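Reading through the structure tokens given below for one structure.
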Amino acid sequence: MRSGQWVVIPFGIVLLLIIIGTASAATITVDDDGGADYTSIQAAVNNSTDGDIILVYPGAYNENVDVDKQLNITSKDGASVTKVVAASEDEHVFDVTADGVTISGFSVSGAGYCKAGIYLQSCSSNILTNNNMENNYYGIYLHYSSNNMLTNNKVANNDDKGIWLDHSDNNALTDNTAINNNDIGIFLSSSDNNMLENNNVENNAIESIRLFSSSNNKLINNTAADNNCGISLSSSDNNVLTDNTAANNNGYGVELYHSSDNTLTNNNITNNGCTGIKMGSSSNNLIYNNFFNNLDNAELDGINTNNIWNTIKTAGTNIAGGPNLGGNYWAKPDGKGFSQTCTDSDGDGISDSLYVLDGNNTDYLPLTDIKTSEDQSSGNVITVDDSGCANYISIQAAINAASPGNTILVYPGTYTENVDVNKELIIKSYSGNPDNTIVKAASSNDYVFYLNADNITINGFTITGADVDGIRAGEYRGSSGTSNNNTLINNLITGNDYGVSLSYSSANVLDNNSISGNNISIYLGLYSGNNILNNNRVSDGIYLEMSSNNILSNNRVAADDYNYAGILLEFDSSDNTLCNNTILDNNHGIVLDASDYNRLDNNTIINSSVHGIFLDGSYENKLDKNTITNSSSSGIVIYDSTYNMLENNTVSSNGDGIYFNLFSHNNTLTNNIVSDNGDGISLEFHSNDNELIGNTLSNNNRGIYLSDSVDNMIFNNLLNNTINVEFDIGSNRDPNNIWNTELTESPNIVGGPYIGGNYWAKPDGTGFSQTCTDSDGDGICDSAYDLDGNNTDYLPLTEITAPEKKISSSGGGDGFGEATIREPENTIDNATMSAQNDGKLMSVESIEYSEEGEVETIDETAEEGSGTIPGFGVLLAIGALLIVYIIHRKKDQ
């Protein structure tokens with residue numbers, strides 16, 4: 001067993017103790033027909049001592065067995081003839097609360113609702129082996145039980161879970177069969193460092209194996225087949241899944257949901273009904289050398305970032321039989337999967353092109369079938385070498401001679417030419433290193449590469465020397481030609497006017513390119529949509545013009561010189577997604593100009609010389625979880641823009657924080673953190689009907705500034721600035737801004753029970769909300785907050801400060817100190833009690849109030865020892881002292 005050393009130490013200790021103990025252990029026999037020491041297993045347990053062996057003869061034992069001693073309970077002739085059926089279905093059949101117990105060779109059934117055939121409670125080092133657990137609610141259930149071994153058990157036809165580990169660590173489950181259970185075959189909840197190996201888990205109603213909030217487990221060589229779904233990891237990190245089979249399940253083969261830092265290798269995930277691997281908001285997982293063969297191999301929901309789908313190319317037999325480890329094998333049952341149809345020009349078992357799952361997830365070294373020598377010599381690969389040692393000395397000559405679908409393999413050298421690609425081809429450098437395979441424009445007035453067909457790959461070149469575009473796809477010299485589904489990967493594009501330009505060109509992938517030293521790095525224009533730009537390093541901006549439904553993710557845009565914007569969307573560039581980009585040292589970080597319905601998520605924008613994010617005439621965009629710092633002017637500007645949503649952004653250390661201007665109305669700001677700016681949020685020049693809810697504005701020169709802006713709804717914000725709100729003197733201080741909502745029972749921004757107005761603080765502690773009176777303790781100040789005579793917060797928030805009541809002993813003898821009761825929690829402070837003359841310590845047990853709120857009675861309970869009440873100091877009691885106090889309040893508030 002490969003897992004032996006991973007769990008062998010605790011089991012080795014147990015076995016050693018058992019061996020040492022057997023020299024003096026008694027063997028007690030049980031036979032339901034008589035003729036043995038006892039006719040019931042429970043009677044034998046009751047009359048045994050630690051270390052005894054209870055040998056059970058064939059029969060039917062109608063009982064519930066409580067095992068509270070270290071015993072070896074073993075059937076003589078196995079589970080097929082030794083049956084234990086619950087006498088009461090309301091109890092576990094075997095209820096084990098001792099360490100070092102062995103239960104072996106029984107058929108166990110009859111446990112009813114929420115009861116198990118074998119139940120381990122808070123015990124360790126037990127061995128469950130060769131048992132048949134059928135027709136229970138749970139088959140085997142471990143609760144807070146660790147370092148146990150479950151091996152060669154059959155767990156079938158149970159009403160709920162077959163095997164359940166709850167808060168149970170360091171267990172080994174090997175060679176078990178879990179089939180036909182009405183929920184999950186094997187379920188781990190809040191259970192870590194377990195080993196699941198060689199288990200067969202089939203035909204379960206929900207899932208084969210599920211891990212919930214369980215980490216650092218190993219799943220090795222398990223079969224998860226013909227279930228509703230296969231193997232699921234939910235909120236579970238740092239697990240290893242290797243050599244498992246997840247096949248023929250109705251839903252997914254493997255699921256990762258909010259689960260990170262897991263490793264999946266060498267798994268066969270095939271013929272699953274919905275998808276091979278399903279991922280939901282899961283990041284930093286390593287997934288390689290797996291065999292996928294499903295109608296849909298991958299389904300990715302939410303934001304799944306920093307997953308790695310390949311290891312470095314390494315010599316060694318991969319899961320498809322090739323000579324190198326790399327990524328995964330992506331097949332489909334109809335034979336048209338990526339790995340079944342891709343090109344492998346050098347026969348290394350690695351595809352010549354990458355496999356893009358989505359904008360955040362790419363297999364850079366997908367596996368493929370090894371081509372035969374006949375395949376390799378069939379003319380599908382054309383070689384180019386400028387030294388004359390290949391089929392052609394120029395890339396253009398090779399293209400002219402190629403057929404669609406061929407691969408052109410270019411050896412290191414400098415190729416001075418302008419290349420027109422008018423057919424489906426893969427053009428890649430032999431070395432994969434752009435530094436030694438250079439394509440330089442022969443005519444600077446023409447493109448280095450012009451793409452005028454679909455499904456073209458350009459991989460691994462330095463592309464330079466054009467006064468126009470380094471790579472151009474679509475619309476050539478005034479024509480409206482299209483070029484779609486192209487892949488540009490691992491290129492260095494420098495010294496051109498535009499690095500890459502796409503016009504009337506859609507569904508392209510630009511991945512892992514370095515594009516710098518051009519006037520503009522990437523241009524998407526004239527209806528170029530559904531493109532993916534991922535993981536590119538850019539110094540001269542990414543511009544979109546009339547381009548929609550593109551994904552820009554994980555790009556780094558760091559300006560070497562003046563850029564108008566790191567990323568610019570203009571002229572109706574809509575429905576684009578910008579996520580996880582880093583934008584440094586540009587004039588503006590991101591600009592949306594007359595561009596609607598875009599989504600900006602998790603971008604980081606630093607050191608913009610003007611604005612971090614600038615929306616101009618743009619509607620219904622969503623900005624979520626972006627970080628904007630050190631912009632010289634404003635972090636975010638909303639200019640003549642409406643119905644935008646800003647949520648969960650961090651805007652700090654800019655000239656100003658968030659700035660609205662010129663008829664910017666009906667925008668919503670929620671849960672943003674705006675700190676250390678000039679003005680936190682400014683609304684100017686008819687910026688009306690906006691909502692500011694749940695924002696935190698702190699350490700700004702002014703929290704909120706309003707000028708000629710009315711009917712804004714501003715409530716449940718936390719303001720902690722020297723000047724929290726200021727109005728432009730010339731704006732007539734219109735009173736129509738609303739500073740509170742109706743009193744609503746719901747947690748507010750400072751933790752109080754009601755939403756009302758805003759929390760008005762100052763860094764020196766003198767803010768209105770910090771000093772107001774709240775006589776009824778509802779978290780709302782007793783008085784309104786008049787901002788300027790025209791603007792009033794009628795329900796300003798305050799933090800709940802519990803009133804105090806002093807009490808003292810009412811009859812427990814001398815030696816008690818004074819205690820403080822703090823409302824409304826009724827917690828006890830300063831309740832240090834000293835021992836009485838008779839050695840008793842009296843604790844406060846209950847308190848009752850009069851109608852006026854005065855302490856009326858105090859009941860006390862004597863306990864041995866001396867010290868302080870637990871929770872309010874170091875317990876000085878001698879031995880184990882438990883003081884329980886319950887506080888009852890009778891007070892009319």
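Predicted model, so just to flag it, every value in this text is computed and none were measured.
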| query | For Asn158 and Asn181, does a side-chain donor sit closer than 3.5 Å to a side-chain acceptor? | reply | yes
| field | Polar side chain donor-acceptor pair, Thr270 to Asn268, under 3.5 angstrom | value | no
| query | At what distance, to the nearest 0.5 angstrom, does CG of Asn716 lie from OG1 of Thr744? | reply | 9.5 Å
| message | Main chain of Thr265, side chain of Asn289: is a donor-acceptor contact present, judged purely on distance under 3.5 Å? | response | no
| query | Are a donor atom and an acceptor atom from the side chains of Asn227 and Asn204 found within less than 3.5 Å of each other? | reply | yes
| query | Any donor-acceptor pair under 3.5 Å linking the side chain of Asn328 with the backbone of Asn290? | reply | yes
| request: Before giving the answer on side-chain contact (heavy atoms from CB on, under 4.5 Å), spell out for Leu256 and Leu264 the whole-Å C-alpha distance, their side-chain angles and the decisive distance to 0.1 Å. | output: CA-CA 11 Å; Leu256 274 66; Leu264 282 68; 4.2 Å; yes
| remark: In short, Leu295 meets Pro333 closest at the heavy-atom pair N-CD, 3.9 Å
| Checking Asn262 side chain against Asn239 main chain: does a donor-acceptor pair fall under 3.5 Å? | yes
| Could you give the distance from CG (Leu357) to CH2 (Trp309), rounded to the nearest 0.5 Å? | 5.0 Å
| request: Report the residues that fulfil ring pair (Phe, Tyr, Trp, His ring centres under 6.0 Å) with Tyr61, sequence neighbours left out, ordered by chain and then residue number. | output: none
| note | Sorted by chain and number, sequence neighbours left out, side chain to side chain contact (heavy atoms under 4.5 Å, CB included) with Asn182 holds for Ala205
| note | Closest heavy-atom pair, Cys229 versus Gly251, reported as atoms and distance to 0.1 Å, is SG-CA, 3.9 Å
| task | Spell out, as yes or no, whether a donor-acceptor pair under 3.5 Å connects the side chain of Asn194 to the backbone of Leu173. | result | no
| query | Does Thr223 reach the side chain of Glu202, with side-chain heavy atoms less than 4.5 Å apart? | reply | yes
| query | What is the distance from atom CG of Asn671 to atom CG of Asn648, rounded to the nearest 0.5 Å? | reply | 5.0 Å
Indicate every side-chain donor-acceptor pair of residues 84-96 with a distance under 3.5 Å to a residue at least two apart or in another chain.
from: Ser88; atom 1: OG; to: Asp90; atom 2: N; distance (Å): 3.3
from: His92; atom 1: ND1; to: Ala116; atom 2: N; distance (Å): 3.0

| query | Pairs in or reaching into residues 265-294: which pass ring pair (Phe, Tyr, Trp, His ring centres under 6.0 Å), with residues at least two apart or in two chains? | reply | Phe291-Tyr329, Phe292-Trp330
| message | Using the salt bridge (charged side-chain N to carboxylate O under 4.0 Å, His left out) criterion, which residues pair with Glu647? Sequence neighbours excluded. | response | Lys622
| Do Leu188 and Leu211 come within less than 4.5 Å of each other through their side chains, counting heavy atoms only? | yes
| remark: Here the gap from Asn297 atom CG to Glu299 atom CD, rounded to the nearest 0.5 Å, amounts to 12.0 Å
| field | Minimum heavy-atom distance Asn267-Asp243, with the two atoms named | value | OD1-N, 3.4 Å
| remark: Here the salt bridge (Lys or Arg N to Asp or Glu O under 4.0 Å) pairs for residues 157-170, sequence neighbours left out, are Lys161-Asp183
| note | The complete set of ring pair (Phe, Tyr, Trp, His ring centres under 6.0 Å) pairs with one or both residues in residues 227-285, sequence neighbours excluded, reads none
| field | Donor-acceptor pair between Asn135 and Asn157 side chains, under 3.5 angstrom | value | no
| field | With Ile186, the side-chain contact (heavy atoms from CB on, under 4.5 Å) member among Leu219, Ile231, Val201 | value | Val201
| query | For Ser283, does its backbone N or O pair with a side-chain atom of Ser260 as donor and acceptor, under 3.5 Å? | reply | yes
| message | My understanding is that only one of Asn126, Asn217, Asn148, Asn147 makes a side-chain hydrogen bond (donor to acceptor under 3.5 Å, both in side chains) with Asn171; could you say which? | response | Asn148
| message | Could you tell me if the side chain of Ile800 sits less than 4.5 Å from the side chain of Pro753, heavy atoms only? | response | yes
| With sequence neighbours left out, which residue pairs that include part of residues 188-223 fulfil the ring pair (Phe, Tyr, Trp, His ring centres under 6.0 Å) condition? | none
| request: Mark yes or no for whether Asn272, through its side chain, and Cys274, through its backbone, hold a donor-acceptor pair below 3.5 Å. | output: no
| task | Among residues two or more places apart or on two chains, list those pairs meeting salt bridge (Lys or Arg N to Asp or Glu O under 4.0 Å) that have a residue in residues 59-70. | result | none
| said: Taking the side chain as everything from C-beta on, heavy atoms only, tell me whether Cys123 gets closer than 4.5 Å to Thr97. | reply: no
| query | Under the ring pair (Phe, Tyr, Trp, His ring centres under 6.0 Å) test, which residues partner Tyr144, sequence neighbours left out? | reply | His167
| query | Does any N or O in the side chain of Ser145 come within less than 3.5 Å of the main-chain N or O of Ser122, such that one atom is a donor and the other an acceptor? | reply | yes
| task | Kindly write out the residues that satisfy salt bridge (charged side-chain N to carboxylate O under 4.0 Å, His left out) with Glu207, not counting sequence neighbours, or none if the list is empty. | result | Arg210
| Are Asn176 and Asn199 linked by a side-chain donor-acceptor pair shorter than 3.5 Å? | yes
| query | Counting N and O atoms only, with roles assigned by atom type, does the side chain of Asn244 sit under 3.5 Å from a partner on the main chain of Asn222, one being a donor and the other an acceptor? | reply | yes
| query | Are any non-hydrogen side-chain atoms of Lys76 and Thr82 less than 4.5 angstrom apart? | reply | no
| query | Are side-chain N/O atoms of Asn285 and Asn307 paired as donor and acceptor at under 3.5 Å? | reply | yes
| field | Heavy-atom closest contact (Gly51 atom, Ala25 atom, distance) | value | O-CB, 3.0 Å
| Side chains of Asn153 and Asn131, donor plus acceptor under 3.5 Å | yes
| task | Return yes if some donor-acceptor pair links the side-chain N/O of Asn249 with the main-chain N/O of Ala224 below 3.5 Å, else return no. | result | yes
| Taking C-beta and beyond as the side chain, do Val750 and Asn748 meet within less than 4.5 Å on heavy atoms? | yes
| Is Met133 close to Val108 at the side-chain level, that is, under 4.5 Å between some pair of heavy atoms? | yes
| query | So, the side chain of Ser236 versus the backbone of Ser215: is there a donor-acceptor pair under 3.5 Å, distance only? | reply | no
| request: Begin with the C-alpha distance, continue with both residues' side-chain angles, and end with the deciding distance and a verdict on side-chain hydrogen bond (donor to acceptor under 3.5 Å, both in side chains) for Ser282 and Ser259. | output: CA-CA 5 Å; Ser282 296; Ser259 296; 4.9 Å; no
| request: Find the distance between OG (Ser281) and CG (Leu300) and round it off to the nearest 0.5 Å. | output: 10.0 Å
| field | Asn64 vs Lys115 side-chain heavy atoms within contact, under 4.5 Å | value | no
| note | Scanning both residues in full, the closest heavy-atom pair of Ala246 with Gly253 reads CB-O, 3.5 Å
| Shortest non-hydrogen separation from Ala178 to Gly185 and the atoms involved | CB-O, 3.9 Å
| Qualifying ring pair (Phe, Tyr, Trp, His ring centres under 6.0 Å) pairs, either residue in residues 176-207, two or more places apart | Trp164-Phe187
| task | Supply the atom-to-atom distance Ile103 CD1 to Ile118 CD1, rounded to the nearest 0.5 angstrom. | result | 4.5 Å
